[in-house]
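All values below come from the heavy atoms of this structure, side chains included, with hydrogens, waters and symmetry mates left out.
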Amino acid sequence: MSMRRYYEFVIEALIFASGIASIIFVLLIFIFLLKEGLMLFEHVGVFEFLFGKYWYPISEPPRLGILPLILGSLWVTFGATVISVPLGIACAIFIGEIAPGWLKEVLKAGVELLAAIPSIVLGFIGLVTLVPMVKKVFGLPTGLTAISGSIMLAFMAMPTIVSIMEDALNAVPRGYREGSIAMGATQWQTIRRIVLPSASSGIIAAVMLGIGRVVGETMAVMMITGNAAVIPMSFFAPVRTMTATIAAEMGETVQGSEHYFALFAIGIVLFAITFVINLLADFALHGKQIRT
Amino acid sequence: MADAKIKVKALNFYYGKFQALKNVKLEIPEREITAIIGPSGCGKSTLLRCFNRMNDLVSGVRIEGEVVVDGEDIYCPSVDLVHLRKKVGMVFQRPNPFPLSIFDNIAYGPSIHHFASRKQFPEIVERSLKAVGLWNDLKDRLRDLALTLSGEQQQRLCIARLLAVEADILLMDEPCSALDPIATERIEELMRELRKKYTIVIVTHNMQQAARVSSRAAYFYLGELIEYGSTQRLFTRPLRRETEDYITGRFG
Ligand SMILES: Nc1ncnc2c1ncn2[C@@H]1O[C@H](COP(=O)(O)OP(=O)(O)OP(=O)(O)O)[C@@H](O)[C@H]1O
Ligand SMILES: [Mg+2]
């Protein structure tokens with residue numbers, strides 16, 4: 001008997017310890033990020049950092065304005081959102097509501113497969129297929145542009161949007177659909193007027209998490225957006241995102257330099273953006289539970 | 001019965017290989033309440049769902065024979081399903097108001113069928129809610145979510161939304177089985193009221209309920225229609241032994 005209690009105690013302690021450990025790790029990472037990033041502001045003002053138009057980290061003295069990088073991330077993310085949200089929503093509606101059983105399974109497997117492709121592979125494929133195509137179709141001097149990055153990232157956001165939204169559609173009670181069909185509504189009327197509104201919070205969460213995925217993506221955008229740290233004036237110009245900047249420059253910087261701290265400060269900005277997006281997604285999901 | 005509202009002629013119904021209805025012949029009169037009774041799994045819901053072709057949504061079903069509503073075979077390929085389901089409304093076992101406001105639940109039908117302009121909706125909502133006895137309770141909270149209503153109110157609302165599209169046949173599949181006895185009694189009262197204008201077919205497991213509300217009753221067993229006739233006769237002098245066993249509770 002006491003043996004068994006001892007055993008229970010050990011198991012519980014282990015579970016507790018691993019739970020605590022993960023929280024501690026996250027906390028440590030966060031503290032480290034803050035500590036290194038905030039050091040920058042001993043040298044550069046917050047305003048100058050966020051809204052400075054020039055990113056020349058290795059000139060003398062360095063100019064560390066990340067506005068071009070923020071705008072680069074925004075352009076690419078915005079483009080990817082505009083492409084992936086309607087497509088993802090339409091795809092989820094088709095899979096969840098319209099496709100017959102076998103086709104549904106095939107499509108779901110396809111979406112899962114898309115999610116399983118490593119981003120570096122997608123970036124590579126984009127580089128050799130999409131980039132030349134964009135160059136030709138739009139008659140540009142280079143295909144390494146924001147629009148290429150947007151299209152590629154849309155592919156990455158799609159699986160997230162589709163699978164989460166499909167779950168949301170599945171959660172809509174059958175009785176709603178039956179009630180609507182039995183009143184003579186067509187399938188499309190039922191989807192548009194009843195199913196989508198009742199799944200709306202799940203759909204918003206799906207979109208938010210898809211966007212979150214896009215904002216944090218690094219390798220693929222680094223490979224195909226051209227990486228020019230200038231303020232982008234159109235979708236057809238090269239851009240550089242915040243993530244790509246960190247990835248490209250972290251290896252070459254001197255530890256403890258202003259440039260080094262600036263890269264961490266970019267990390268804080270990224271963290272803040274993804275945090276807000278996840279918070280909104282959570283809020284959307286949670287809001288529903290309160291209402292029903 | 002020359003003026004039967006629904007005529008079922010030699011109906012066979014299959015879920016894949018399983019035959020759920022066997023050679024059913026039945027005539028349902030207009031503006032009366034017809035009860036369908038029988039043990040679980042005998043095909044009551046299946047029959048009811050043949051009347052508005054809700055079985056079409058189930059894959060692998062096959063149907064033989066005819067179901068004639070208002071003189072028209074509803075399984076004829078040229079039949080307009082939208083029109084049919086507008087005319088033949090259905091109330092489900094679990095109240096299933098849409099997750100919309102009370103007002104929008106009722107306005108849903110008129111708006112999908114485009115038979116009234118938006119300006120007429122308030123009037124339709126008022127008329128429909130009055131017909132099911134909800135108007136006085138709900139007139140000040142039409143914008144509230146329908147899911148905040150009690151079970152009985154939700155079921156009444158589900159009936160009201162059928163009245164709003166001017167359905168004239170109401171199919172009810174165990175409409176009171178999710179309600180308490182008092183709510184059940186009040187819904188039965190509503191049914192007796194509605195009988196004056198609507199043809200009602202009700203599936204029920206509750207013998208007293210069938211006896212209280214219906215004027216005709218049909219007893220089914222294993223997909224076959226065993227006996228059909230006036231409720232009073234069926235409950236007091238059943239012709240068949242099986243019927244008697246079932247209604248007296250000796251069924252086993
Ligand atoms: N979708 C389906 N696929 C296959 N068989 C089905 C399906 N729906 C019903 N059945 C079968 O058809 C028979 C009749 O079902 P039905 O639901 O009409 O019975 P019921 O009389 O309404 O029963 P209950 O009183 O339990 O509601 C049952 O044997 C059931 O198992
Ligand atoms: Mg049933």
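- Going from atom CZ of Arg174(A) over to atom CZ of Phe92(B) covers 9.5 Å, rounded to the nearest 0.5 Å.
- Contact annotation for Leu84(B): neither backbone nor side-chain heavy atoms come within less than 4.5 Å of a heavy atom of chain A.
- The greatest number of non-hydrogen atom pairs below 4.5 Å with chain B, out of Ala182(A), Ala185(A), Gly175(A), is found for Ala182(A).
- More than 12 heavy-atom neighbours from other residues, nucleotides or ligands sit within 6.0 angstrom of NE2 on His205(B).
- The structure places CE of Met90(B) at 8.0 Å from CD of Glu178(A), a figure rounded to the nearest 0.5 Å.
- The local environment of CZ in Phe275(A) is sparse, with at most 12 non-hydrogen atoms from other residues, nucleotides or ligands closer than 6.0 Å.
- Both the backbone and the side chain of Ser180(A) have a heavy atom closer than 4.5 Å to some heavy atom of chain B.
- Counting non-hydrogen atoms of other residues, nucleotides and ligands closer than 6.0 Å to OH of Tyr75(B) gives a total above 12.
- Residue Pro97(B) touches chain A through its backbone alone, counting heavy-atom pairs closer than 4.5 Å.
- By the 4.5 Å heavy-atom criterion applied to side chains, Ile194(A) and Leu100(B) are counted as neighbours.
- Rounded to the nearest 0.5 angstrom, Thr190(A) OG1 and Phe98(B) CZ are separated by 7.5 Å.
- If you take CZ on Arg193(A) and CG on Asp104(B), they are separated by 8.0 Å, rounding to the nearest 0.5 Å.
- Heavy-atom pairs under 4.5 Å with chain A peak, among Arg161(B), His113(B), Arg85(B), at Arg85(B).
- Two residues are said to be in side-chain contact when any heavy atoms from C-beta on lie closer than 4.5 Å; Pro173(A) and Arg94(B) fail this criterion.
- Neither the backbone nor the side chain of Val91(B) comes within contact range of chain A; no heavy atom of the residue lies under 4.5 Å from a heavy atom of that chain.
- The 12-atom threshold is not exceeded at CZ of Phe78(A), counting heavy atoms of other residues, nucleotides or ligands nearer than 6.0 Å.
- Only the side chain of Arg49(B) comes within contact range of chain A, with heavy atoms under 4.5 Å apart.
- Taking all atoms of both residues into account, the shortest heavy-atom contact from Tyr108(B) to Met183(A) is CD2-SD, 4.2 Å.
- Residue Arg118(B) qualifies as open at atom CZ: its count of foreign heavy atoms under 6.0 Å is 12 or below.
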